[in-house]
Amino acid sequence: MQTATSDSAIRKIQGAFTGGHDAFRIRQVLQNHGRLSTSAFELAEDADLYEAGMSSLASVNVMLALEGEFNIEFPDQMLNRSVFSSIAAIGAAVKQLNGA
Amino acid sequence: MEILEAIRTVVAGIAAQHAADVDEAARFPHETFAALKAARALSAAVPRDLGGQGCGMRELAAQCSALAQVCSASGMILAMHHIQVACMARHGLESAFFRDYLQRLAQDQLLIASVTSEVGTFGDTRSSICAVERKGARFELNKDATTISYGASADALLVTCRRAADSAASDQVLVLLQKGDYTLEQTTNWNTLGMRGTCSPGFNVRSSGPVEQILPGSYADSSAQTMVPYSHILWASLWQGIAGGAVARAASQVRSEARKKPGTVPPSAANLAKVMAQLQAVRHNWQAVAEEFDALQVSENAMQELLGLGWALKLNNLKMSVSDSVVQIVHQALQITGILGYKNDSPVSVGRHYRDVLSASLMVSNERIAAKSAAMLMVFKADQAAV
Ligand SMILES: Cc1cc2nc3c(=O)[nH]c(=O)nc-3n(C[C@H](O)[C@H](O)[C@H](O)COP(=O)(O)OP(=O)(O)OC[C@H]3O[C@@H](n4cnc5c(N)ncnc54)[C@H](O)[C@@H]3O)c2cc1C
């Protein structure tokens, strides 16, 4: 009973995030490494992460953690402020690398 | 080329004449700046259609280097002014106010100072404590600044601050304060080892002005696209100029020794040859980055590329390596000149150069920059030899 409740609770939470599972993992990375002034789980997909308090140093940690989380390597030309400016932009970059 | 020519032929002579006094009295080099204004050098970075000369990075850097060779403080003030103008010229052209202001700047040869450092942010220019607060058509902005070079002699200040009272520390904007908008209360002194003529004490800045003086966009972008590249390249060029000034004095001493005994090369000449090689490497370092920067500007992606880690690392590398090398070069110049160079009142004295050049590694701490580069290298692969 206990497990069923928490599973459905998690599903409910996940459902609240547009963009599916990848977006959820991206939010987790941002929550742990983005040093945002608000929770990464409460941000809109297209909210500007820099305006939400992510410093340039924090953004490097986010890049590093994303590489580990998704087992990818961002090529240098993608290591650009604008590629990491929102959850949606990061999602697109991750998808591009995973699809390639 | 006109401004550079004027600096080499006219301004440098005036700056050289007053450099020792500027240093000793820690005063603003007003004779140099009167001459620079007469040569219209303060609008070198203003676009041509707004009445300026539209100089690129390579040309601005050559101006700073030439001036710093005879007066470091003058070279630094000119560099810092160009940096502020470039921020407005590259990020303000869509604003009627900033277009008009740049026109006025060119017409009246206005001097702009920089207010990035703040009590409590410890030299991290990418975070602010103070915030600009909009109240209808006007703003209020108060900043406790640790260091404002030539703040008391400037016609305007370009200030970093948070975008609004509830913005994150790194969510910054640039705000222009014109004379009349602000008061300065001096909080600390500027009795330093070197760069004394930059007159850079701390000030409490209190201001209010019309909101159109807030530069459009984010400082996050204008910092990476303009403030950092212009700072690191122009600073590198002027630091090389200071080192070049010391080497020129060493060279003149070696030549005068050689004249006493034609046919025998003085022993110090071998060291001169070595230090010349170091000086050339430093000059080519900033020249190459400046040319690369200028070449990039014709590309559609220029502004995007400047936001990438490749450029951030390249500029950090330039800053760290030049600021270290110039100290070694001036040290070598001192070994060549010997006791004559050590004397403050001899014509080949390199004491001022030595003291001035020691500021290079502190002016945005090399340790801080190295720590940032180190973090970037954890993700940067240099897979296209982009560095
Ligand atoms: C000649 C001159 C003119 C200037 N003019 C202006 C001006 O006009 N306007 C303006 O706003 N500012 C100006 N500045 C200030 C300048 O921009 C810097 O803010 C200032 O030099 C840094 O001061 P700091 O050494 O106290 O700061 P910090 O950078 O905080 O350094 C303090 C100490 O901490 C160490 N440190 C810092 N970060 C790290 C790290 N990550 N890892 C290891 N060690 C670290 C440094 O090595 C240093 O020992 C000027 C400075 C100089 C020298």
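Keep in mind that this is a model prediction, so the values were computed, not measured. Lettering of chains follows the sequences in order, A, B, ..., and the numbering in each one begins at 1.
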K.L.:
Is B:Q172 close to chain A through its backbone or its side chain, or both, or neither, when contacts mean heavy atoms under 4.5 Å?
P.N.:
neither
K.L.:
Select, from B:S167, B:S223, B:G308, B:A169, the one with the greatest count of heavy-atom pairs under 4.5 Å involving chain A.
P.N.:
B:G308
K.L.:
By side chain to side chain donor-acceptor pair (under 3.5 Å), which residues pair with B:E291, not counting sequence neighbours?
P.N.:
B:R58
K.L.:
Among B:Q304, B:M378, B:R126, which residue forms the greatest number of heavy-atom pairs with chain A at distances under 4.5 Å?
P.N.:
B:Q304
K.L.:
If I take atom CE from residue B:M376 and atom CE from residue A:M63, how far apart are they, to the nearest 0.5 angstrom?
P.N.:
9.5 Å
K.L.:
Tell me the residues of residues 80-94 of chain A whose non-hydrogen atoms fall below 4.5 Å from those of chain B, in number order.
P.N.:
A:N80, A:R81, A:S82
K.L.:
Let me know if A:M54 has heavy atoms under 4.5 Å from chain B in its side chain, its backbone, both or neither.
P.N.:
backbone
K.L.:
If I compare all heavy atoms of B:V379 with all of A:L79, which pair ends up nearest, and what's the gap?
P.N.:
O-CD1, 3.4 Å
K.L.:
A:E51: which residues meet the salt bridge (charged side-chain N to carboxylate O under 4.0 Å, His left out) condition with it, sequence neighbours left out?
P.N.:
none
K.L.:
Listed by chain and number, what are the side-chain contact (heavy atoms from CB on, under 4.5 Å) partners of A:S37, not counting sequence neighbours?
P.N.:
B:A168
K.L.:
Which answer fits B:A375, side chain, backbone, both or neither, if we ask what part of it has an atom under 4.5 Å from a heavy atom of chain A?
P.N.:
both
K.L.:
Output the distance between atom OG (B:S170) and atom CG (A:L57), rounded to the nearest 0.5 Å.
P.N.:
11.0 Å
K.L.:
Working to the nearest 0.5 Å, report the span between NZ of B:K372 and OG of A:S56.
P.N.:
4.5 Å
K.L.:
Counting distance only, does the side-chain N/O of A:D76 pair as donor-acceptor with the main-chain N or O of B:A382 below 3.5 Å?
P.N.:
yes
K.L.:
Quick check on A:L64 against chain B: is it the side chain, the backbone, both or neither that has a heavy atom closer than 4.5 Å?
P.N.:
both
